[in-house]
Every structure is written in structure tokens, then in C-alpha cells.
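In what follows, a single structure is set out as C-alpha cells and then discussed.
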There are 2 protein chains.
Amino acid sequence: MTRTADLRQHTDTRERILDAAESLFVDHGFEATSMRMITGRAGVNLASINYHFGSKDALIQNVFRRRLTWLNQERLHALDRFEAEAKGAPLKPHQIVEAFFGVSLCMAADTERGGHTFMRLLGRTYTEPTAFVRQFLAEEYAVVVPRFKQALLRSLPDVPPDEILWRFHFMLGAMSYAIAGTDALQLMAEYELEETDPEALSRRLMPFLLGGLRAPLAGHAGKAKEKGSRRAV
Amino acid sequence: MTRTADLRQHTDTRERILDAAESLFVDHGFEATSMRMITGRAGVNLASINYHFGSKDALIQNVFRRRLTWLNQERLHALDRFEAEAKGAPLKPHQIVEAFFGVSLCMAADTERGGHTFMRLLGRTYTEPTAFVRQFLAEEYAVVVPRFKQALLRSLPDVPPDEILWRFHFMLGAMSYAIAGTDALQLMAEYELEETDPEALSRRLMPFLLGGLRAPLAGHAGKAKEKGSRRAV
DNA sequence: TTATGATTCAAACAACCGTTTGAAACGAGC
DNA sequence: GCTCGTTTCAAACGGTTGTTTGAATCATAA
């Protein structure tokens, strides 16, 4: 067997399984997606998942690794580019947001090669209850999150460190809902939601993220009530 | 049988099932939580779920309805109070945010009666793939979302209507991650995340939401600091 | 006490789950 | 031609799923 032909065979059914699993996971979740559904859509034999990946859990990890590794590299490269451009000076907040979330939205805009599907899946998985999935995500983000946190710390020196991390987390949530949420929004507001255009989404989301990221801290003068009828409820 | 005793029996095991299901759904998701797990934790017979609720799907709906109806009523009441106070004038954005998200965070702060558990579950369910759950959520929100949208429209007359809805959606995502996310954050940043204090969360989240909600629209002059470094934090 | 309707219970139901198996089919090297 | 490692295939594995059943148990009303 030539080496190339060998790999072709491998990757052919492997990719078909990964594609089928990815889209089915988005629509039904991990648990509710059976291996028979996956192999059925992929047009391959039931046993081939265990043959190529070993188990269903290993398949899930491969679904993520296939795209997430590349995505995080792109995020870091974007940050590298801005930092090289800044020549040692702290980046501006909008550059950091652009490096992380802009790249993410760019991937979410790719509807043809499955980037959109994957980003929807990824957004929902941050809050995934399953232990091994969350631990796997933690490993994938172990290097990228501290890099962005440090960049934000330098960019916003007056903001306490843990505040930065929380706001990063808030931004992550807003983005996940924004991507996964064409459905959820259409769901809550039964009328038209015309624009699924990815560039329009970016134009909407980025100002929101920056506005939240740079918002004045609570306890700074505040807004009129603060302790008045703040939580009248 | 007296009417009261009859109902007592009903609600006793009913409530135990609902409590057990709620906490198990948060930890394992709907599909991965079996009826035997639920009845086992509740200390009731396996068949009692089908006896009291009819099916597992109906149980899921009851888990939500038990708290969501009340939550949405509180949200509307808070809005009513602010509007009565304003005597016809448009509300300020922070009041609207307070009415919706402040009430939500207030429920999430209740760790003793399960409010915290439920809000974590609710946050993850907005992006839930299962069709019938999402449709159910849509019905529950059918009245409250338009009310808040209209209040926001009056409060921010310069912002286009669909922009408002998107930003409401972004805020929803940020809050969901904030509540569900003590785990996710601890996951991405392996070091300490000392404050789970609900009031501290409110102090962090609310400025972020308001900053995002009131952020200048894209296409306005651009990012080159808009008003100097007005909100440089 | 007896009769009655509401709950609880142990047991079983068919259907599906993820995984394993051993044989069949395949393609490349001798 | 034949051989050998890789991949595919149909079939079955034990176990779990949500649901149903019919008898046992309970509390009340007569």
C-alpha cells in the first residue's frame, strides 16, 4: 500500500463521519445523537466509528480538535500581528476584541465548509455539563486565554485583573448567543429577523462587546440610585 | 378524601421529583438524565414520574413552568413599577436592565430554594437543540419579550428596532454565561475565582450590560475613540 | 368495618444504546 | 497468480432507556 492511498481511505470516511457528527451534535446534542444516526447520515458502516476513533467520546473530542486547534492558532496569530504592529505599546481594546472575537465570527461566517455549524456547537459546549468535554475544552484554551487576558490587562491597566476575566467571560457568552442565536432570537421574537448576514452580525456584536468591556466600573459615581431603588424588585 | 390531603400527597412526591430532576438536568443534561436517576434521588418509585406527569418530556416542561412563570411575572411587575414611577416618561436603560436582569440575578442568588440551580439550567436551555423545549420556552417568553423590547425602544429612540432586539439577545447571552459560568470560567482560567457571591456578580455584570446596550452604533465616526477616551474605565 | 378512589410498588415490556466480533472485501507488494 | 495488512460489513452482545401493567397499599367516606 502506498502511503498516500492509505491515508486517503482513512480520511475519506473519517471526514464524512466528523461532518455528520458535527451537524447532528448541533441539532440534537451529544447524548441524543446515536452512533447509528451518525453513520447513517455519513453513509458508512456502524462499526467504522469505533474502528477509526475508538469510541463515541473520542469521536466527540476529534470533532472539536479538528477545528478548534486551528481556530485558536488564528486567534493567537491575529494577536501576534497587532502586538508586532504596536511595537511594545499596549494594544487598544478594540484590537484585542478583534483578534479573538473577530476571528471567531469569521469562522462562524463560513457556512460552506462547516465553520458556522462548528461555532454554534462550540458556543453551546462552554456550558456543557459533561465532564470530559469541559476538561477537553479547558486544555484547548489553556494557552490562548492567558495570552488574551494579559493583553487586556495591559490595555486596561485601571481595571482589576479578575474584573477583566469576568468581562472576557461575558463577551464570550454574548458571542455564543449571537452565533447560536439566530434560532433563539427568532424564537423569542416571532417576527422577522431578516439579517443572518455574518458581516452584519459582526457590525452589531463588536460595538456591544467593546461597550461592555470598557464600561465604567460599578461604584464609580454610579448612576443616580446605586443604593436607592437599585433592586427595588 | 379531603381536598387538602389529596393535594398534599400529590405535591409531596411531585415536588420531590421536580427538585431531583432540576438538579440532575443541570449536572447531566436532559438526555443523559434517566428516569431511574431522578426517582432514585427523589426516593420515589420509578413509575411515579409517568403517573404524576405522564412522560419524561412533560416532566421537563413542568420543571421549567414551576419557576419560569413566576420569574417572568416578577420581571413584568418590576417593569410595571418603574413605568408607574416614570408617569409616562420613557424609562432609563438601567431601569429596564434592572427589571429584567436584576430580577434574574436575584433568583440566581437564591441557592437555598433552588433558584440558582434553575437559572443555570435556564441559561443553558436557550441554546438547547431539542425542539419541544425551545418551543415551550418561546411560549413562556411570548409576552415578556415584546414588553421589554418596547420599553427599550422608547428608552433608546435613536437605536434601530432590530438593533435593540439583538442587543437584548447579547445581554441574555452574557447573563447566562455569567450564571452558568462559575464553572466555565474556573475552567478556562485555572487559578482562583474567589467570588461566587451573587451580589458581586450583579456588581460586575450590570455595568457590562449597560455599557454594551448603550454603545455607539457601528458606522458612527468609527472606533477612533468616539468621544476621546470618554469611557476609558 | 367495609367500600372506594388515589398512590405506590415490583416486575416486565419492547426498543434502543455503544461496543465487539469474525468473516468478507479491498488494494498494494512480491 | 498469491499474500498480507487495512478497511468494511452484517450480526450479535449485554446493558439501559422510557413506558406499561396489575396487584398491593394507603387514606378517606359511608
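Each chain gets a letter, A, B and so on, in the order its sequence line appears, and its residues count up from 1.
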Every protein N/O lying under 3.5 Å from an N/O of nucleotides 16-21 of chain D:
unit_1 : atom_1 : unit_2 : atom_2 : d
D:dT17 : OP1    : B:S34  : OG     : 3.2
D:dG18 : OP1    : B:K56  : NZ     : 2.7
D:dG18 : OP2    : B:M35  : N      : 2.9
D:dG18 : N7     : B:R36  : NH1    : 2.9
D:dG18 : O6     : B:R36  : NH2    : 2.9
D:dT19 : OP2    : B:N50  : OD1    : 3.4
D:dT19 : OP2    : B:K56  : N      : 2.9

Pair listing, salt bridge (Lys or Arg N to Asp or Glu O under 4.0 Å) test, anchored in residues 100-115 of chain A, at least two apart: A:D110-A:R113
Between D:dG22 (P) and B:Y51 (OH): distance, integer Å: 16 Å
Value in whole Å for how far the C1' atom of C:dG27 lies from CG of A:D12: 14 Å
Ring-face cation contact, B:F100 with B:R75, 6.0 Å cut, 45° max: yes
Listed partners of B:I164 passing side-chain contact (heavy atoms from CB on, under 4.5 Å), at least two apart: B:K149, B:L152, B:L153, B:L156, B:V159
Polar side chain donor-acceptor pair, B:Y126 to B:S176, under 3.5 angstrom: no
Any A:S48 side-chain nitrogen or oxygen under 4.0 Å from OP1 or OP2 of D:dT7: no
Gap between atoms CZ and P, on A:F53 and D:dT7 respectively (whole Å): 12 Å
Pair B:T130, A:H28: side-chain N/O donor-acceptor within cut-off below 3.5 Å: no
Side-chain N,O (A:H52) to OP1/OP2 (D:dT6) below 4.0 Å: no
Modelled atom types, side-chain donor and acceptor of B:R14 and B:S48, under 3.5 Å: no
